[in-house]
Chemist: 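Mind having a look at this structure? Questions to follow.
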Amino acid sequence: MFTRRRALMGAAAAAMLAAMPSMTAFANETEIAALPREQVTLVAPPFVHAHEQVAKSGPKVVEFTMTIEEKPVTIDDEGTVLQGMTFNGSIPGPMMVVHEGDYVELNLVNPGSNSMPHNIDFHAATGALGGGALTLINPGEQVKLRFKATRTGTFVYHCAPEGPMIPWHVVSGMSGTIMILPRNGLKNEKGEPLTYDKVFYIGENDFYVPRDEDGNFKSYESHGDSYADTLEVMKRLVPSHVVFNGAKGALTGDNAMKTKVGETVLIVHSQANRDTRPHLIGGHGDYVWEEGKFANPPAKDLETWFICGGSAGAALYTFLQPGVYAYVNHNLIEAVELGATAHFVVEGEWSDDLMKQVEAPGPIPTH
Ligand SMILES: [Cu+2]
């Protein structure tokens, strides 16, 4: 008998089936071995290695190598030193770019000069703690991980060894981003193509440097020496520094990002540990993937966007006026006092139509 209950169950089952991802036929090793391979040399942020926006050919295996480097890093102009931990020597780690359907093959190296085990958890990867369970390596070891890039977007990767080592390694600098582009490139909300002339990758970090009794930042001989004090500061959740690209001023002055009026820039912003809210002072986000996932239509004309801790977002903007633009975390205390400010220096012709000082500042008339 066909009951109402059975009808409802049937509808629920159908809905469940519809919600399940289609079972893709997985490729076998022979098929993967037959794919073309490409070796990519990573570059330090805010720059990104050369890549195609629209894939010119079918899926391939993209090979990367990253070397983990534990090292002291100066993080402000007062000379404060962080016992840093890095992927490939930079904070954040370099950005990798592939296309949906490609295979990422990472050779992760932990040289004998390091003192701790490390690994890598790719938020873009499926299974085994994002690869973390398959990549834990001691000093003097290396490991090779392959994962299939099945979802498009900008995704964080970070070190995640175990217990309190996880947040400690992340807030010591061990995070970065991978961008997985749709094979046919980015699209606006109508499905029309969007392209960029330049891409800049900004990684935001919250650091927790301990202070002595006089309130001065402490320095330590080694990572091990800094651990107990740092953990105490971390647990209070009040960062001593909030910076872009590993240090206060890393992207201002001579290190400002350079572009021109009329150029379209993709700004990728990651934060592996803490929420943030990027804002381009005097500009906008023409198209913004706040969550960084390109299967969703971009939001338009944003003034400030939200990057939740543990994710990377992407904003596309065509600069329309020349000048120096501050790009900040719009918690302005974090931007001005703690360091989260970058600069874009934009060359080109000023448009009086968009903005003009109609009358210069002068005394208020008294008549
Ligand atoms: Cu680590």
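Indexing begins at 1, ligand by ligand and atom by atom, following the structure's order. As the structure is a prediction and not an experimental result, all values here were calculated from the model.
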Chemist: Sequence neighbours excluded, which residues qualify as side-chain contact (heavy atoms from CB on, under 4.5 Å) partners of E359?
Modeler: none

Chemist: Can you spot which of D225, T230, D229 makes a side-chain hydrogen bond (donor to acceptor under 3.5 Å, both in side chains) with Y220?
Modeler: D229

Chemist: When you compare the side chain of N107 with that of Q142, does any pair of heavy atoms fall below 4.5 Å?
Modeler: yes

Chemist: Could you check whether any side-chain N or O of E204 sits under 3.5 Å from a backbone N or O of V242, counting only pairs where one atom can act as donor and the other as acceptor?
Modeler: no

Chemist: Quick one: are the ring centres of F87 and H118 less than 6.0 Å apart?
Modeler: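 They do not qualify: ring centres at least 6.0 Å apart.
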
Chemist: Any idea how many protein N, O or S atoms are nearer than 2.8 Å to the Cu ion (ligand 1)?
Modeler: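 Step by step: take the Cu ion (ligand 1), keep protein N, O, S below 2.8 Å, and you get 4.
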
Chemist: Is the F319 to F344 ring centre distance short of 6.0 Å?
Modeler: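 Between F319 and F344, the centre distance is under 6.0 Å.
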
